[in-house]
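Step one of this worksheet: look at the structure below.
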Amino acid sequence: MPVQSSLFETVPDPAGSSSAPPLAPIPPPDARLVAARLQGLIRELRLLNEEVPVIVEGRRDVAALRRLGLKGVILTLHCGQTVAAFAEQITRRFPVVIPLLDWDRRGRQLHTQLTRHLETDWEEYHYIRQELITLCKSTISSPAISSIEELPALLAAHARLAAPAPPRNTTMTGPRQAPRNISSTF
């Protein structure tokens with residue numbers, strides 16, 4: 001029986017079993033399911049942010065989260081202090097936080113530094129960032145994104161995708177109108 005070595009090729013089974021058709025490639029996730037989960041995760045983040053502060057990298061990230069409806073405390077990491085000093089200040093002020101830094105190279109570095117220095121609880125909500133990363137890399141309607149500030153545009157694209165198509169009216173309703181007489185004066 002052939003063994004699948006990648007999504008699109010098969011190699012003979014070393015045991016030399018009977019030949020079977022190659023395995024089909026794994027389909028990409030349904031865009032509507034991705035859109036629904038992304039919207040649900042943002043709703044959950046809105047609710048959590050009513051009581052738990054969110055930490056982002058900069059002002060544009062704050063603006064993006066506000067556009068998504070977060071009304072609670074959003075803290076900016078880039079505020080003129082070292083990551084260690086910022087973490088110390090956060091630890092004194094808040095018992096729990098949601099670090100939501102970008103997932104590009106710099107964001108991953110900052111996330112690692114910040115969480116290493118935080119002495120407040122953040123692990124409880126780490127799944128939010130992880131799931132955002134997964135969902136934003138598995139987008140179908142647009143290229144994958146790597147920052148918080150890109151979320152509103154991605155959600156708007158997914159909202160258009162997830163919206164049901166308007167019903168097609170195949171029956172006439174109301175009085176029938178006569179076609180307009182279009183004449184040209186050439």
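No hydrogens, no waters, no symmetry mates; every other heavy atom, side chains included, goes into these values. Everything numeric in this text was worked out from a predicted model, so none of it was measured.
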Taking all non-hydrogen atoms of both residues, which atom of Val54 and which atom of Leu100 are closest, and how far apart?
CG1-CB, 3.8 Å
Separation between CD1 (Ile133) and CZ (Arg129), nearest 0.5 Å, reads 4.0 Å
Same cluster or not: Val73 versus Leu45, using hydrophobic residues (I, L, V, M, F, W, Y) connected whenever any side-chain heavy atoms lie under 4.5 Å apart?
no
Spell out, as yes or no, whether a donor-acceptor pair under 3.5 Å connects the side chain of Arg92 to the backbone of Ala87.
no
Minimum heavy-atom separation for Arg66 to Asn49, with atom names?
NH1-OD1, 4.5 Å
Would Ile55 end up clustered with Ile74 when hydrophobic side chains under 4.5 Å apart are linked, directly or stepwise?
no
Determine, for Arg46 against Glu50, whether the closest basic-nitrogen to carboxylate-oxygen distance falls under 4.0 angstrom.
no
Can you tell me if Gln130 uses its side chain to pair, donor with acceptor, with the backbone of His126 under 3.5 Å?
no
Can you give me the closest heavy-atom contact between Gly107 and Glu57, atom names plus distance?
CA-OE2, 3.4 Å
Give, for atom CH2 of Trp122 and atom OG1 of Thr115, the distance between the pair rounded to the nearest 0.5 Å.
4.0 Å
Any idea which heavy atoms bring Val97 and Tyr125 closest together, and the distance?
O-CD1, 4.1 Å
Do Val62 and Phe94 share a hydrophobic cluster, counting only Ile, Leu, Val, Met, Phe, Trp and Tyr and linking them when any side-chain heavy atoms are less than 4.5 Å apart?
no
Can you name the nearest heavy-atom pair linking Val56 to Leu101, along with the distance?
C-CD2, 3.6 Å
Could you check Val96 against Glu51 for side chain to side chain contact (heavy atoms under 4.5 Å, CB included), going step by step and ending with a plain yes or no?
CA-CA 9 Å; Val96 63; Glu51 297 184 16; over 6 Å; no
Does Thr82 use its side chain to pair, donor to acceptor, with the backbone of Ala85 at less than 3.5 Å?
yes
Any donor-acceptor N/O pair, Trp103 side chain to Ile145 backbone, under 3.5 Å:
yes
When every non-hydrogen atom of Ile98 is compared with those of Leu48, the smallest separation belongs to CD1-CB, 4.0 Å
Calculate, to the nearest 0.5 Å, the distance between atoms CG and OG belonging to Leu154 and Ser147 respectively.
10.0 Å
Can you tell me how far the CZ atom of Arg93 sits from the OG1 atom of Thr120, to the nearest 0.5 Å?
11.5 Å
Between the CG atom in Leu47 and the CD1 atom in Ile42, the distance rounded to the nearest 0.5 Å is 11.5 Å
